[in-house]
S.K.: 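Below is the structure I would like to discuss, written out as structure tokens.
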Amino acid sequence: MQLSEKALAISPSLTLKITAMAKDMKKRGLDVVGFGAGEPDFDTPKHIKDAAVEALKIGLTKYTPASGTVELKKAVCADLKKHGLQYDPTQIVISNGAKHSLFNVFQAILNPGDEVIVITPYWLTYPELIKMADGVPVYVGAQECNNFEPLAEDIEAAVTKKTKAIIVNNPSNPCGCIYSQKTLEGIAEIAKKHDFFIVSDEIYDELVYDGNKHTSIAALSEDAYGRTILVNGLSKTYAMTGWRIGYTASRADIAKIMGSYQSHATSNPCSIAQFAGIAALTGPRDEVVAMREEFDARRKMMVDIIGKMDGVSCATPMGAFYVMLNISALKGRKLDGAEIKGSVDFAEKLLEKKLTAVIPGAAFGADDFVRLSYAISRENIEKGLGRIAEFIAMLD
Ligand SMILES: *Cc1c(COP(=O)(O)O)cnc(C)c1O
């Protein structure tokens, strides 16, 4: 029987192969250092876990409204005020993680053939989510020399009559960059001129360093506010990846569509996780600060060590918890006679020879790079980077 053409067109994750290989090697007792982590390595703060236990005790074990509880929506609205944003609970939809929120967004705004501008290097789920909604991803390259920020003229050149939205991921996974006010203003201006949506994935808004403050593109102007669908969630800030709570903040009419869609697809996100989410958003912030400080220390350590390594380099990341290691100078070099043609060869050979896992940039549309996460211990960072240096020294 013929299976769904749309489902068959979804690419299996390129990162999966390396991650599966690394897991398998670990299982066999090998001492693998994994730079692949896409989630904080910290446990969820205790007061949040306690709230989940409380939710169970008081019997919050039933369906909630499909788009989330009013209490959690109010907590989200109160939290978004930190970015100078005013939302009403009717504008918020709580979903099963920010990834699910993004899925809802594209289902709500795209018609077949609608184009969505995606900045390269991109989070690898974006193109697939767009395709699932019958949309077409259109890629605009951002360069390392521009701090991985897209240029306004490049975005403008990609706009067509079919452009329905642009995705802004600020701070960025995988790049670790944060967009300047000028870049954000440029994007908002083009979106206004050609009348399309801004899908703003701000999941790393609390993970910015060097005294920088996060700017939400929705806060730039009345117009930007109206055309932005803001996506965020609790996974990264509160080390809650397994709890699956994400949300959107948008025009109320779009929120309503997404709420209806969700009501038939999944119903509400877990009632217990929603209750714990209120504790996360309204509770003490000392652990959030402590996690950020630890990420910051690791970030500095990585940039320092990479700066002293031969053959590779990196731009200093300003947000999230990733470093893009530039391996372009190693392309064409050989290991045991076999050429390193790109990031996939590099990642596979590094894992095989030096038991160190990195994510090939090809997965993000950036073959000159591999992504290293610093959501791992300082000890492992030092060990892993040492191994990468040894691996590079083995190349002819
Ligand atoms: C982790 C991540 C998400 C999704 O997180 P959820 O766990 O689904 O809330 C979304 N966007 C980016 C860029 C991410 O790195």
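Everything numeric here is computed off the predicted structure, so don't read it as measured data. Just follow the structure's listing: the first ligand is 1, and inside any ligand the first atom is 1.
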S.K.: Ignoring angles and geometry beyond distance, decide whether Arg244 reaches within less than 3.5 Å of ligand 1 through its nitrogen or oxygen atoms.
M.R.: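 Arg244 vs ligand 1: N/O contact under 3.5 Å present.
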
S.K.: Output the list of atoms in ligand 1 that are nearer than 4.0 Å to some heavy atom of Gly97, sorted by atom number.
M.R.: 8 (O), 9 (O)

S.K.: Would you check, one step at a time, whether the test side chain to side chain donor-acceptor pair (under 3.5 Å) holds for His214 with Glu206?
M.R.: CA-CA 7 Å; His214 174 75; Glu206 293 272 356; over 6 Å; no

S.K.: Would you check, one step at a time, whether the test side chain to side chain donor-acceptor pair (under 3.5 Å) holds for Glu39 with Thr241?
M.R.: CA-CA 7 Å; Glu39 60 182 341; Thr241 43; 2.5 Å; yes

S.K.: Which residue holds the protein heavy atom closest to atom 2 (C) of ligand 1, what is that atom called, and what is the gap in Å?
M.R.: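 Protein heavy atom at minimum distance: Lys236 NZ, 2.5 Å.
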
S.K.: Looking at Asp345 and Lys331, does any basic side-chain N land under 4.0 Å from a carboxylate oxygen?
M.R.: no

S.K.: Heavy-atom pairs closer than 4.0 Å: do any link ligand 1 to the side chain of Asn169, the backbone, both, or neither?
M.R.: side chain

S.K.: Determine whether the side chain, the backbone, both or neither of His100 has a heavy atom under 4.0 Å from any heavy atom of ligand 1.
M.R.: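 The answer is neither; His100 stays 4.0 Å or more away.
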
S.K.: Does Lys349 have more than 12 heavy atoms from other residues, nucleotides or ligands lying within 6.0 Å of its NZ?
M.R.: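 Check passes, neighbour count above 12.
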
S.K.: Please indicate whether any nitrogen or oxygen in Ala98 is less than 3.5 Å from any nitrogen or oxygen in ligand 1.
M.R.: yes

S.K.: Using distance alone, determine whether Tyr204 and ligand 1 share an N or O pair under 3.5 Å.
M.R.: yes

S.K.: Between Asn173 and ligand 1, is there a nitrogen or oxygen pair with a distance under 3.5 Å?
M.R.: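 Checking ligand 1 against Asn173, an N or O pair does fall under 3.5 Å apart.
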
S.K.: Among all protein heavy atoms in this structure, tell me which lies nearest to atom 13 (C) of ligand 1, with the distance rounded to 0.1 Å.
M.R.: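 For atom 13 (C) of ligand 1, the nearest protein heavy atom is Asp201 OD2, 3.4 Å.
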
S.K.: Against ligand 1, does Ser235 come closer than 4.0 Å with any heavy atom?
M.R.: yes

S.K.: Tell me whether Tyr322 contacts the main-chain N or O of Ala375 through its side chain, where contact means a donor paired with an acceptor under 3.5 Å.
M.R.: no

S.K.: Is a side-chain donor-acceptor pair under 3.5 Å present for Thr183 with Glu149?
M.R.: yes

S.K.: Check this for me - ligand 1, Lys99, N or O atoms closer than 3.5 angstrom, yes or no?
M.R.: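 Checking ligand 1 against Lys99, an N or O pair does fall under 3.5 Å apart.
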
S.K.: Please verify the inter-ring angle class for Tyr261 with Phe103; under 30° counts as parallel, over 60° as perpendicular, anything in between as tilted.
M.R.: perpendicular

S.K.: Would Tyr126 and Asp201 satisfy side chain to side chain donor-acceptor pair (under 3.5 Å), going step by step from the backbone distance to the final call?
M.R.: CA-CA 10 Å; Tyr126 295 139; Asp201 180 348; 2.7 Å; yes

